[in-house]
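A short write-up of the structure that comes next.
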Amino acid sequence: MTQPPATDAVPQSADAPAPDLEAALELAPGKPPVLHVDEAVPAADLGDWAAEHGPALEAALLRHGAVLVRGLGVRDAAALGRLAAPVTGPAVPEREAFARRRPLGGPVFSSLEWPPDQPMCMHHELSYALEFPRLLAIGCFTPPTTGGVTGLADARRVLADLPAPVVERFTAQGWQLTRSYNSVVGLGWTEAFGTEDRAEAEAYCTANGIDFTWQPDGSLRTRQRRSAVISHPLTGERVWFNQIAFLSEWTMEPAIRDYLVRQLGQDALAFNTRYGDGTPLEPETVATVNEVYEAATLREPWQAGDVLLVDNIRMAHSREPFTGPREVGMVLGTPVRLADCSPTHS
């Protein structure tokens, strides 16, 4: 298997995080780096702690892609918001959502509402949009009884390990996301676009390179073409950055897929992906992408109070099935424009 690019490809500023933080990281095969904090930090002081350690955390993220901070005792959305603000910067408003998030206060939202017995496959937040977050702060307020791991996969390694013909075709053509906003599955267009005004939704689509068609029943179908491979805006490294596998019909449980196709029709699935020229994807291609993701996955079970900091461009993430009352909050921060990431399609 091809190895990920050497870390000396990272700019000098990211190559030498503050010695005390880098030396403190627990590095183990198959796991994300873990930073153990000896004592919980009072909630009111979390912002100060983050500001003090922010440059070192940023450098560590550029070097490793993700850092799990354990021991701060971040147990609610207010605490996560204080910690995240100095690290993740401005929040990114989510438009075009494909599943619901609950607002938890300030910039903090719940993780996507997704059936707990169904996995959320590897993806990058908002990788189908023209603006997306570079940094994520994910806090575990209550860990699940079983499962529920947030897996991570280095998008450089994924790009290196995918079969060359797959990479070449998606690099040349990009990928296409088709959506059917309806009240049956997923979100309706009013909730996804945050407006009940058709003209406003149309203006957003036009400004963001999205083809749209209104259906007789008032639902909305859209189609957009995006780059599958982009460059990290700070390191220049090429990464596999998309939701080709996660939002594909071929990643659904076969029984669920067959039921939805029978009920809605092939062209009316809530979401689906294709090659950039509109050619349908083969199930084998989607399976290959998911297999490469699985081989690259890093895992560490959640503990209460954990905060996972993620470079959303460098690292894909997933959510495994779980039981119990898993409570997780997320901040999407540091907006980045696709145009600044050397896209082949925009």
Side-chain angles (χ1 to χ4, degrees), residues 1-37 49-50 52-72 74 80 83-84 86-89 122-125 127 132-140 149-161 230-241 292-303 306-319 330-334 336 341:
M1 181 173 289
T2 306
Q3 295 300 311
T7 53
D8 59 12
V10 179
Q12 185 64 35
S13 62
D15 196 43
D20 56 333
L21 190 154
E22 181 68 15
L25 290 178
E26 177 188 322
L27 303 176
K31 295 177 178 290
V34 180
L35 175 64
H36 293 277
V37 179
W49 185 94
E52 177 185 351
H53 294 85
L57 287 169
E58 169 77 2
L61 285 170
L62 283 173
R63 184 174 178 84
H64 299 287
V67 175
L68 178 65
V69 184
R70 176 164 285 167
L72 285 177
V74 176
L80 179 61
L83 177 73
V87 179
T88 62
M122 284 289 178
H123 62 285
H124 302 260
E125 295 293 339
S127 57
F132 41 80
R134 181 172 68 85
L135 297 177
L136 311 176
I138 309 172
C140 179
V149 169
T150 297
L152 297 164
D154 191 326
R156 304 172 310 166
R157 174 176 171 177
V158 173
L159 179 63
D161 288 353
I230 65 172
S231 295
H232 193 288
L234 298 184
T235 70
E237 295 173 295
R238 299 294 278 174
V239 295
W240 180 257
F241 182 80
V292 172
Y293 273 134
E294 175 58 30
T297 296
L298 307 175
R299 294 179 172 88
E300 173 63 19
W302 283 112
Q303 294 183 16
D306 283 351
V307 175
L308 180 62
L309 301 174
V310 182
D311 184 321
N312 181 52
I313 300 174
R314 163 82 175 273
M315 306 293 282
H317 66 280
S318 63
R319 192 226 66 194
M330 178 179 287
V331 176
L332 289 76
T334 314
V336 171
C341 300

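Everything numeric here is computed off the predicted structure, so don't read it as measured data.
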ask   = When you check the gap from the basic side-chain N to the acidic O, do Arg70 and Glu26 get nearer than 4.0 Å?
value = no
key: Check against side-chain contact (heavy atoms from CB on, under 4.5 Å), Trp49 and Val37   = CA-CA 11 Å; Trp49 185 94; Val37 179; 4.0 Å; yes
What are the two closest non-hydrogen atoms of [X] and [Y], and how far apart are they?
X: Asp306; Y: Pro301; result: OD2-O, 4.2 Å
X: Leu35; Y: Ala24; result: CD1-CB, 3.8 Å
X: Ala296; Y: Val158; result: CB-CG2, 4.3 Å
X: Leu27; Y: Pro33; result: CD2-CB, 3.6 Å
X: Ile138; Y: Trp302; result: O-CH2, 3.7 Å
X: Ala50; Y: Val87; result: CB-CG2, 3.9 Å

request  = Applying side-chain contact (heavy atoms from CB on, under 4.5 Å), run through Leu68 and Leu308 and close with a yes or a no.
outcome  = CA-CA 4 Å; Leu68 178 65; Leu308 180 62; 4.0 Å; yes
request  = Evaluate the side-chain proximity of Asp311 to Arg134: yes if any heavy-atom separation is below 4.5 Å, no if none is.
outcome  =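 Contact flag for Arg134/Asp311 side chains = yes.
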Which value, rounded to the nearest 0.5 Å, describes the distance between [X] atom [atom1] and [Y] atom [atom2]?
X: Arg156; Y: Met315; atom1: CZ; atom2: CE; answer: 8.5 Å
X: Leu57; Y: Thr88; atom1: CG; atom2: OG1; answer: 11.5 Å
X: Leu234; Y: Leu61; atom1: CG; atom2: CG; answer: 11.0 Å
X: His124; Y: Ile230; atom1: NE2; atom2: CD1; answer: 8.0 Å
X: Asp161; Y: Asp154; atom1: CG; atom2: CG; answer: 9.5 Å
X: Glu125; Y: Leu135; atom1: CD; atom2: CG; answer: 12.5 Å

Taking [X] for the side chain and [Y] for the main chain, is one N or O donor matched with an acceptor at less than 3.5 Å?
X: Thr297; Y: Ala153; answer: no
X: Asn312; Y: Pro133; answer: yes
X: His123; Y: His317; answer: yes
X: Arg314; Y: Leu62; answer: yes
X: His64; Y: Ala60; answer: no

task = Would you check, one step at a time, whether the test salt bridge (Lys or Arg N to Asp or Glu O under 4.0 Å) holds for Arg299 with Glu294?
result = CA-CA 11 Å; Arg299 294 179 172 88; Glu294 175 58 30; 2.9 Å; yes
request  = Please name all residues satisfying ring-ring contact (aromatic ring centres under 6.0 Å, His included) with His232, sequence neighbours left out, ordered by chain then number.
outcome  =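 Residues passing ring-ring contact (aromatic ring centres under 6.0 Å, His included) with His232: none at all.
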query = side-chain hydrogen bond (donor to acceptor under 3.5 Å, both in side chains) between Ser231 and Arg238: does it pass, once the steps are laid out?
reply = CA-CA 4 Å; Ser231 295; Arg238 299 294 278 174; 2.8 Å; yes
